[in-house]
Amino acid sequence: MAKPRIAVIISSTRQARFADKPAAWLMDKVKDHPELDFELVDLRDFDLPFFDEVASNAWVPSKDERAVRWQKKVAEFDGYLFVVAEYNHSITGALKNALDQDYVGWNRKPMGALAYGSMGGARALEHLRLIAVELQMVPLRNAVHIGGSEFFKVWTGGQNAPMSEIEGVLQGSLKSTLEELVWWTKATKAAREA
């Protein structure tokens with residue numbers, strides 16, 4: 001039986017983004033996960049227009065082929081882990097737009113996060129959780145936060161140290177997040193398939 005599939009979604013599309021570093025670290029940590037399969041999904045790979053449909057695809061099928069391609073990708077997964085950059089106390093515009101481009105695909109699936117920024121991306125993740133509730137996702141309580149001195153140690157604009165230098169701080173939250181993700185993925189997948 002195939003393992004449930006989780007998308008690790010990189011939410012920043014800037015050329016100078018930091019996201020690649022924690023995303024690579026995360027993918028290395030989950031590559032041999034015994035209960036879930038993870039796939040890296042980069043918003044840069046989807047040329048999403050600003051949302052300009054008649055209505056949400058919950059009510060009317062989307063017309064733009066780029067939005068439909070994104071919706072098909074979102075639907076492939078049983079849950080999501082977002083690599084969340086905090087921009088001005090919130091999520092990136094690229095992530096908000098990607099979330100708005102679909103409604104149906106996100107429904108009744110868990111979402112977790114690896115968030116980063118000076119405050120550990122906490123404010124952005126709170127916004128993301130509010131949006132996730134409206135999209136009928138199940139936001140996880142646990143998350144991985146890279147903030148404060150750890151963030152400035154590994155951030156490319158700071159000391160640019162390898163992620164291994166802060167790994168000890170992140171291991172506990174990653175373990176808790178993955179355990180919770182497994183539980184909710186199994187529960188929501190079973191409910192969707194019932």
Side-chain angles (χ1 to χ4, degrees), residues 2 4-24 26-27 30 36-117 121-140 143-144 177 180-181 184-185 187-189 191-193:
R5 300 186 67 225
I6 305 297
V8 175
I9 299 175
I10 298 179
S11 68
S12 174
T13 57
R14 289 188 312 132
Q15 291 305 307
R17 71 184 182 189
F18 169 67
D20 297 306
K21 194 172 186 175
L26 178 60
M27 292 304 292
V30 299
L36 301 171
D37 277 331
F38 293 82
E39 180 183 327
L40 191 64
V41 176
D42 191 340
L43 290 184
R44 280 184 183 164
D45 297 334
F46 294 86
D47 180 28
L48 287 173
F50 283 116
F51 181 77
D52 191 25
E53 299 290 336
V54 174
S56 160
N57 70 330
W59 307 108
V60 179
S62 297
K63 300 279 188 216
D64 194 297
E65 293 176 8
R66 296 166 295 177
V68 173
R69 177 176 170 251
W70 172 245
Q71 292 163 6
K72 287 178 181 175
K73 190 65 179 175
V74 169
E76 291 178 12
F77 300 99
D78 300 300
Y80 311 94
L81 270 178
F82 293 90
V83 178
V84 179
E86 182 168 312
Y87 289 4
N88 298 317
H89 292 212
S90 192
I91 61 173
T92 66
L95 178 55
K96 180 62 168 80
N97 187 53
L99 292 163
D100 289 344
Q101 295 287 351
D102 194 11
Y103 186 87
V104 179
W106 304 114
N107 287 186
R108 296 181 173 94
K109 297 175 186 177
M111 61 77 49
L114 182 159
Y116 62 85
R123 299 167 295 205
L125 181 51
E126 284 302 307
H127 284 185
L128 178 57
R129 285 174 170 146
L130 291 171
I131 297 163
V133 169
E134 177 57 28
L135 293 171
Q136 297 187 47
M137 285 191 268
V138 180
L140 304 183
V144 180
T177 299
E180 190 179 6
L181 183 61
W184 280 107
T185 300
T188 55
K189 186 172 170 50
R192 287 193 320 274
E193 294 174 353

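Start at 1 with the first residue, then count along the sequence. The model shown is predicted, which means the values in this text are computed figures rather than measured ones.
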Write down the atom of [X], the atom of [Y], and the distance for their closest heavy-atom approach.
X	Y	result
Trp106	Ala98	CZ2-O, 4.0 Å
Gln15	Arg44	CA-NH2, 3.4 Å
Ser12	Tyr87	OG-OH, 2.7 Å
Ala122	Glu86	N-OE1, 3.5 Å
Ala85	Ala124	O-CB, 3.9 Å
Leu181	Thr185	O-OG1, 2.6 Å

side-chain contact (heavy atoms from CB on, under 4.5 Å), that's the test. Do Leu81 and Met111 meet it? Break it down for me. CA-CA 6 Å; Leu81 270 178; Met111 61 77 49; over 6 Å; no

Looking just at side-chain N and O atoms, do Gln71 and Tyr103 make a donor-acceptor pair shorter than 3.5 Å? no

Look at the side chain of [X] and the backbone N and O of [Y], then say whether any donor-acceptor pair between them is shorter than 3.5 Å.
X	Y	answer
Thr92	Ser11	yes
Asn57	Gln101	no
Tyr80	Val74	yes
Arg192	Arg108	yes
Ser56	Ala58	yes
Asn97	Phe51	yes
Thr177	Ala143	yes

Quick one: do Leu36 and Val30 satisfy side-chain contact (heavy atoms from CB on, under 4.5 Å)? Show the steps, please. CA-CA 8 Å; Leu36 301 171; Val30 299; over 6 Å; no

Val104 and Trp59: side-chain contact (heavy atoms from CB on, under 4.5 Å), yes or no, with the steps? CA-CA 9 Å; Val104 179; Trp59 307 108; over 6 Å; no

Can you classify the ring geometry of Trp70 versus Phe46 as parallel (below 30°), tilted (30 to 60°) or perpendicular (above 60°)?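 Taking Phe46 first and then Trp70, their aromatic rings stand perpendicular (interplane angle over 60°).
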
Decide yes or no for Lys72 and Arg69: does some side-chain heavy atom of the first lie under 4.5 Å from some side-chain heavy atom of the second? no

Contact check, side chains of Glu134 and Leu130, non-hydrogen atoms, under 4.5 Å: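 Not touching, per the 4.5 Å side-chain cut-off.
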
Spatial distance of atom [atom1] ([X]) from atom [atom2] ([Y]) [nearest 0.5 Å]:
X	Y	atom1	atom2	result
Ile91	Arg129	CD1	CZ	13.0 Å
Lys21	Leu26	NZ	CG	15.0 Å
Trp184	Leu140	CH2	CG	9.0 Å
Met137	Thr188	CE	OG1	11.5 Å
Leu40	Ile6	CG	CD1	13.5 Å
Asp42	Arg17	CG	CZ	4.0 Å

Do Glu53 and Asp64 pass the side-chain contact (heavy atoms from CB on, under 4.5 Å) test, and can you show the C-alpha distance, the side-chain angles, and the key distance before you say yes or no? CA-CA 8 Å; Glu53 299 290 336; Asp64 194 297; 3.4 Å; yes

Electrostatic pair Glu126:Arg123 at N-O distance under 4.0 angstrom: no

Which one of Arg5, Lys189, Lys109 satisfies the salt bridge (charged side-chain N to carboxylate O under 4.0 Å, His left out) criterion with Asp78?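 Of Arg5, Lys189, Lys109, salt bridge (charged side-chain N to carboxylate O under 4.0 Å, His left out) with Asp78 is met by Lys189 alone.
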
Among Val41, Asp20, Asp45, Leu43, which residue meets the side-chain contact (heavy atoms from CB on, under 4.5 Å) test with Ile10?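 For Ile10, the side-chain contact (heavy atoms from CB on, under 4.5 Å) test succeeds with only one of Val41, Asp20, Asp45, Leu43, which is Asp20.
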
